[in-house]
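Working notes, beginning with the structure itself.
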Amino acid sequence: MDGPLAKRPRRSLATTDARDQADDSAQSANGAAAEVNKYKIIANKNWVNITKAPKVKNQVIKEELWDSLEKDGFPYSALQQLENLQIVEKYLWPTFSGDASNYHVILLALMTNVKRRENVPSWDYLLERDDDFSLFFRRVLSLSVDTTISVKSRTHLITFIVNSFQSIDVPLVRKECAALVDIHIWHNLHSETAIAEKVEKAPAVKKKWRNTASRYEKEDAAGKARINFNRSWLYTLLQDFVGQTYDVTSPERKDKLLYCERFLELLIDFQGQRPTRRFVNALLQDLNTLPIVVLSPMYSEPDNSLFRDLFDLLRHYTYFPFDDFSGMHVSRTEDRQAHNAALARLQRTAHKHYPQKLRLLALAHHRALDNKKDLVEHVKTLSDVELVRFCELLGFRTKYPQHPEFDQNRELCIEVLAFAYERRANFQDLVRDTPILPTDQSLYDPSLLRNETYNGSQPLAIPKLNLQYLSMGDFLWRSFVLYRSETFYEIRKDVEDVIKRLKPQKQGANTSFQGFSKMALPISKPAIIDVAPARVGEIVPAQIRAEVSLDVSRLNIHIQREWDSLRPGDVVFLMNVRDSENAGSKANGHGSEKSADAIGLRQLRSAEVIQIQDEKGKPLRDQPRMHPDGQPFRVRQRRLILNLDAAAYQQDLDAAQGNDDVYRNINVIFRRRSNENNFRSILESIKRLTLSDIPTPDWLEGVFLGFADPSAANYKRLPNKLKSVDFRDTFLDWQHLVASLPGKIIEPSSDMESSFGPPYVLEMSENQELPPPAKTSKKRRRGEEAAQQVAPVEAMMVSTYKPENNGPYPTDVPKTNTVRFTPSQIEAITSGSQPGLTVIVGPPGTGKTDVATQIINNIYHNFPSQRTLLVAHSNQALNQLFQKIMALDIDERHLLRLGHGEEELETDANYSKHGRVESFLENGARYLARVRRLAESMGVPGDHGSSCETADYFNMAYFKPVWTKYWDMVQSEEMSYEQLAQAFPFHLYFSDAPQPLFPANISRQEGVEIAVGCYRHIEKIFTELEDIRPFELLKNGRDKANYLLVNEARIIAMTSTHAAMRRQEIADLGFQYDNVIMEEAAQITEIENFIPLALQNPKDGQLPLQRVVLCGDHLQNSPIIQNLAFRNYANLEQSLFLRLVRMTVPTVVLDTQGRARPSIADLYRWRYPLLKDLPTVEQQPEFLTANTGFRYEYQFIDVPDYKGKGEMEPTPHFIQNLGEAEYAVAIFMYMRLLGYPGSKISILTTYAGQKALISDVLKHRCKTNRLFGMPRIVTTVDKYQGEQNDYIILSLVRTSRVGYLRDIRRLTVALSRARLGLYVLGRASIFETCFELREAFKLLLGRPQKLHVVTNELWMTNRKIRQLAEHTVIEGVEHLGQYVYEMTQAKVEQLKREPGMLPPALPDAVVEVLDEDEDGDVEMVEGEGEGEGMGEGETDEGLEPVEELDEGE
């Protein structure tokens, strides 16, 4: 097609070198832009545009790159540009060799740091050359201790080493790192006596010391030199670090401060992981590093708050209650005993050597010695020389060859003694004293605000989630600190947004609000109506009741209902908000940070909702909300009864000498969305777990903490492994069985033929069990190749049985599985049915949910006494799993769904607690009616179906004697089949069953089975009535619901959030379970992975868990964390699933997809090298047929600037692209005109701002037009994980840079949602140069980048997918818009001629769902993930519909 857009050439980075140079020279005066273009020129000359292998040029490395970067202070924008230009992959690493310059090495380390900071793979390219990587790593280590290079360069090298120790799951990296922290660093301890004392701590340590010495003696000169360097590397760095902390007069003091902060981060990482801490901790304490640093000028500098906070974190880990030698957690009692033993040794030494001068110390109570002030008072009688000698006698270092100024230093000696003997608060004490409800002071704590401005340029004083943890207490402490910080960050953002919307202004002595927010209301001061006295042992009031009046008269009905929906236990926030016009900001640490005053927030206090009342003081739940005519009541006022934060209230009273001024000035109440406002319950659960010392099962603890053999929890290594498993309906036939167990010998049992039908019981032969992995020899551990041992072939003995006849009714026939599982799915089902830990990796479309369902089915039938907990991240995934369970042979009375998501289940039955109770009672009534019918059929007088008790009496007194008499007759071999059938005593009862009950021409044995089946049917009635009987006796609905949970339900489903919220409540009920199956495990934070494992109280000191099954995909999206610091630095987005995969825990990878066309699956198959296709996607007609109106089943469409604009950002992180929005809607309209059902089309985008824009365009163009209607959903990629649709329209939005889509996991999700058609809208020039995405975009950009539409087709076409057809090339969005307009006009004319063809109106319910505002699920923002912007839908008056957007959105 001809048109203006068709003639516009598309620029390519690889072919426009001259033009780029011209542009660069024209912009050379534009500061940062010129710098960026400068590096583009260098890249084009040296590696981008060349076809031959690049050659290293020292001039380029030193002058053009290094000198330029160093001159500008290594600006991150320039580094990012170089990384995007693939300097590492195409230049620095290919040209690296042993002759590389120091600048080359430092640049390579620096760019690796940039990759790590950008959260993209940082090791893959390096590990392709093992020897060169080892050489490069050794060069980095050598340069890190070279004091002749600049401090800034050494800081980059230390950062590289930090990143290396964070990546010890990579074998080659681990090999290089391990040698630096091995036992040989103890050669740097201050004396042979100190070494001997450490070595004798444990036999394993002593053996390792001897082996290390032996290996050293056998090395040649080069080997010994390498070992000597490894021995001294950390010692040298520590000595240099100490010197840096005392050198504060240097002109490089800012650079030295950053270096020292990075080095503290390295030490914290060493102390926080078992493999590095084991020997490093002894060296660190021997060198008295902490006491020396405390006395340093750098520590005492007022502006160095980050340095002090990092030091405090290092001190926390250095003295963490953990035994470095045994690897065991030290309990509070053991820690106290060790502390007392150290004090006793101190007293004995004092009494022996200084009986007169230290007499009081030797006789003092331990409480008088464990604080610095008292200790200083005791030793002041000693002279400087005597004090130094005293420290020597106690085993402390007193000589510092590299720093002689510390010798004979009295102040240092006192500090050393104080660090050694003062009583420190346990981590549990810290957690106990930490409030979980925020105030303005805690929200704006400078240490938390520092995290908000994190950009990767400096470390942070927050714990990290690593591959390993010191103990369960350590894991829980880290999780509590990070979860609380993330929660407070989110609350602070909400507070700032609300205050911004309210627009406070000063009017005289008061504050008025010129704006409006639906999440907050102005109020008068709360009335405190009751202050209960403190409980015994506490100092804060037991409760503080307050009443708040809300004026809701001007709110529209939607917002009013949201306020009315506040539930008891919800947290609201009371704020004192003033005009912020004259507010300033304050500084702390490295930069300026905002304060509460800066936004007008003077005070904030938290409160818990007790009750919501109407204006007459009556509970709102008791009031009707509608007039008889269906119109809602208009109300003017609501009253909230609140319980104030008691700890904050007491502090306020203490600060104001008993005056409650804080609460007199409260003028705003603020709430959060209900699904965001569960933080208190979750934090309380984590806090209780941290304080409880809850154990984990022995078989799981070592793997969970990361120090045990990764395969130790696999069923093949457990002693309680099942010898045989009844797979019931897992296999459909014998051929399926054989095909599902490749490489195994299938042997029928001795009493069976060569093949037979299901069900199958599989038994592993006794002599064919897999042995545990053999330990490699010492020489092999040193690098020698081990001979491959051939694993024995597994032999499986297969037997069968005849399923029980459960009765003559069709409902008595058990439901069976119809899925023909693949071999990998069978492997997963086998592992999940066995005890132990099972990790199932499920790529898109490989049937994770079907596998999980079958595992549940097998456990349910094989272990009738066991209970299983189902957990998922979202209600949607949990409901999908639950609905598949209901389709199997599982009694619905054993199913229970906890949480509000039960309402979304597409089923007539109610599976909530109260719904299940009602179902039990309804079933009871039905079964009692059957009992009455049975009694009547037997001629027994009386009302035996009046209650479960009378039914039980009837069973024992009448039914069982009759059956026993009949069964005795049947047992007689003389009774023929005809006599057996005629004598059956319950013919009348079963008269409503399919007839004849006893067919002719069947064997006697078959007749007996029919009779027994009838007996089982009746027996089941009495069995279920026995289960229902407690519900008759219990009168309270809550008691009934709790009894159901604790005693009746065998499969209990809930979200991970519900488990975290209700953990203590559920555990206190005595709830016990044996198995946990977790769906979407890779999308759940690690603490939320753990809490479902601890929903029960220990039994005999252990949690009685037998199975843990985790299903997920770590190559798709991770848990969503809003704050960049907690996400990238602290690794809070780490799931237990991902950590186990990184630790090489055995996994079962599902390898066959049945969702998408093979060609669409190819777009993400490179992420899953083993991924195959099911025959269905290669053979079924829908996968072989082309997409109506489209030439290609998938296509990338290059969208240029629309009306001169590409991406836009109307508010921070609210990114939009009008051209792509118009294009997406135009494609949707085109598809609808061709006849595609709207329900089969989903529109996805990578940013919430674009979602809002597309929704707005759809509402204007399509919503009210019955030709188009609305698509199934418009949402973000993040929210659509786990979902699929036939046709996906995807908008990538960005036109300036790739953005967060560079995270390959999100691209994988985006490309794997479509089954039949995928149409991607984006800017080709941006994405084609992204190294990480190259595999996918190689395929996407291999097709024309203008939309090709096929004419003269209507849905569904018969055209095959590769069949050529006449097509039109769409030149751009204007062209497509015109094309759709003309089609619409033609369609309208046709409808005028044939009015009966007009499509039906879109159902109101669907429109309402599509019109909903954000559902409150956490989304990430660019720079902080993917963002909501300000899409709250509010106006100043608060009277407009909720879906209206604020001005500027």
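Taking the ring axis of Tyr1194 as reference, the NZ or CZ atom of Arg1343 stays within 45° of it and closer than 6.0 Å to the ring centre.
A donor-acceptor contact shorter than 3.5 Å is absent between the side chain of Glu1328 and the backbone of Phe1337. Formation of a donor-acceptor pair under 3.5 Å by the Glu1207 side chain with backbone atoms of Arg1294 is not found in this model. The closest donor-acceptor contact from the side chain of Arg1323 to the backbone of Val1199 lies under 3.5 Å. Judged purely by atom type and a 3.5 angstrom limit, Asp1198 uses its side chain to pair as donor or acceptor with the backbone of Ala1324. Under the 3.5 Å distance criterion, the side-chain polar atoms of Asn1285 are left unmatched by any main-chain donor or acceptor of Tyr1287. For the pair Arg1155 (side chain) and Ser1312 (backbone), a donor-acceptor distance under 3.5 Å is present. Proximity of a side-chain donor or acceptor of Thr1188 to a complementary backbone N or O of Thr1357 within less than 3.5 Å is detected.
You'll find the side chain of Thr1384 reaches within 4.5 Å of the side chain of Phe1268, heavy atoms only. Between Glu1371 and Lys1346, some side-chain heavy-atom pair lies under the 4.5 Å cut-off. Within the 4.5 Å cutoff, side-chain heavy atoms of Leu521 are placed close to those of Leu555. Here the side chains of Arg1261 and Glu1222 are in contact, with some heavy-atom distance below 4.5 Å. When side chains are defined from C-beta on, Val1298 counts as touching Ile1326, because their heavy atoms get closer than 4.5 Å. Using a 4.5 Å heavy-atom cutoff, the side chains of Leu1290 and Val1277 are in contact. At a threshold of 4.5 Å between non-hydrogen side-chain atoms, the residues Leu1234 and Met1383 count as touching. Put simply, the side chain of Tyr1202 does not reach to within 4.5 Å of the side chain of Glu1220, judged on heavy atoms.
We find that Arg501 and Asp497 are joined by a salt bridge, their nearest charged nitrogen and carboxylate oxygen being less than 4.0 Å apart. Comment: Glu1283 engages Arg1272 in a salt bridge, judged by a side-chain N to carboxylate O separation of less than 4.0 angstrom. With respect to Arg671 and Glu676, no salt bridge is recorded, no charged nitrogen being found less than 4.0 Å from a carboxylate O.
To the nearest 0.5 Å, the span separating CZ on Arg1167 from CG on Asp1113 amounts to 8.5 Å. Atom CD1 of Ile1160 sits about 9.0 Å away from atom CZ of Phe1183, to the nearest 0.5 Å. In this structure, CD1 in Ile1227 is found 4.5 Å from CG in Leu1321, a value given to the nearest 0.5 Å. Rounding to the nearest 0.5 angstrom, the gap separating the CZ atom in Arg1305 from the CG atom in Asn1117 is 7.0 Å. We find the OG1-NE2 distance between Thr1351 and His1367 to be 9.5 Å, quoted to the nearest 0.5 Å. Here the straight-line distance linking atom CE of Met1229 with atom CD1 of Ile1241 works out to 12.0 Å at 0.5 Å rounding.
When all heavy atoms of Ala1161 and Gln1153 are compared, the closest pair comes out as CB-NE2, 3.7 Å. Between Cys1330 and Arg1302, the shortest heavy-atom contact is SG-CG, 3.8 Å. Taking both residues in full, the closest heavy atoms of Leu1333 and Leu1307 are given as CD2-CD2, 3.5 Å, listed atom of the first, atom of the second, then distance. Residues Leu1318 and Ala1310 approach most closely at CD1-O, 4.5 Å, considering heavy atoms. When all heavy atoms of Ser1325 and Thr1329 are compared, the pair lying nearest together is O-OG1, 3.9 Å. Of all non-hydrogen atoms in Tyr1247 and Leu1292, the two that sit nearest each other are CE1-O, 4.3 Å.
Under the side-chain contact (heavy atoms from CB on, under 4.5 Å) criterion, Ala1365 pairs with Val1350, Arg1359, not counting sequence neighbours. Phe1190 meets the ring-ring contact (aromatic ring centres under 6.0 Å, His included) test with Tyr1230, Tyr1319; sequence neighbours excluded. Annotation: salt bridge (Lys or Arg N to Asp or Glu O under 4.0 Å) contacts of Arg1157 (sequence neighbours excluded): none.
Between Tyr1192 and His1348, the ring planes lie tilted relative to each other; the angle falls in the 30° to 60° range. Taking the six-membered ring where the residue is Trp, Trp1355 and Tyr1236 present tilted rings, their angle falling between 30° and 60°.
Partner of Thr849 under the side-chain hydrogen bond (donor to acceptor under 3.5 Å, both in side chains) criterion, out of Gln880, Glu1080, Glu1079: Glu1079 alone.
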Candidate pair Lys493 and Glu490, rule salt bridge (Lys or Arg N to Asp or Glu O under 4.0 Å), full reasoning = CA-CA 5 Å; Lys493 287 296 184 186; Glu490 294 174 0; over 6 Å; no

request  = Dump the intermediate steps for salt bridge (Lys or Arg N to Asp or Glu O under 4.0 Å) on Arg1165 and Asp1162, then the final yes or no.
outcome  = CA-CA 5 Å; Arg1165 202 185 304 273; Asp1162 288 340; 2.7 Å; yes

request  = Under the salt bridge (Lys or Arg N to Asp or Glu O under 4.0 Å) rule, what do Glu1193 and Arg1315 come out as? Steps first, then yes or no, please.
outcome  = CA-CA 10 Å; Glu1193 73 279 16; Arg1315 296 182 64 248; over 6 Å; no

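Heavy-atom neighbours of Lys1360 NZ from other residues, nucleotides or ligands within 6.0 Å: above the threshold of 12. For Gln1385, the CD atom is densely surrounded, since the number of other residues' heavy atoms within 6.0 Å is greater than 12.
A donor and an acceptor atom, one from each side chain of Glu1382 and Gln1378, are located under 3.5 Å apart. Remark: the Thr1245 side chain and the Gln1250 side chain contain no N/O donor-acceptor pair separated by less than 3.5 Å.
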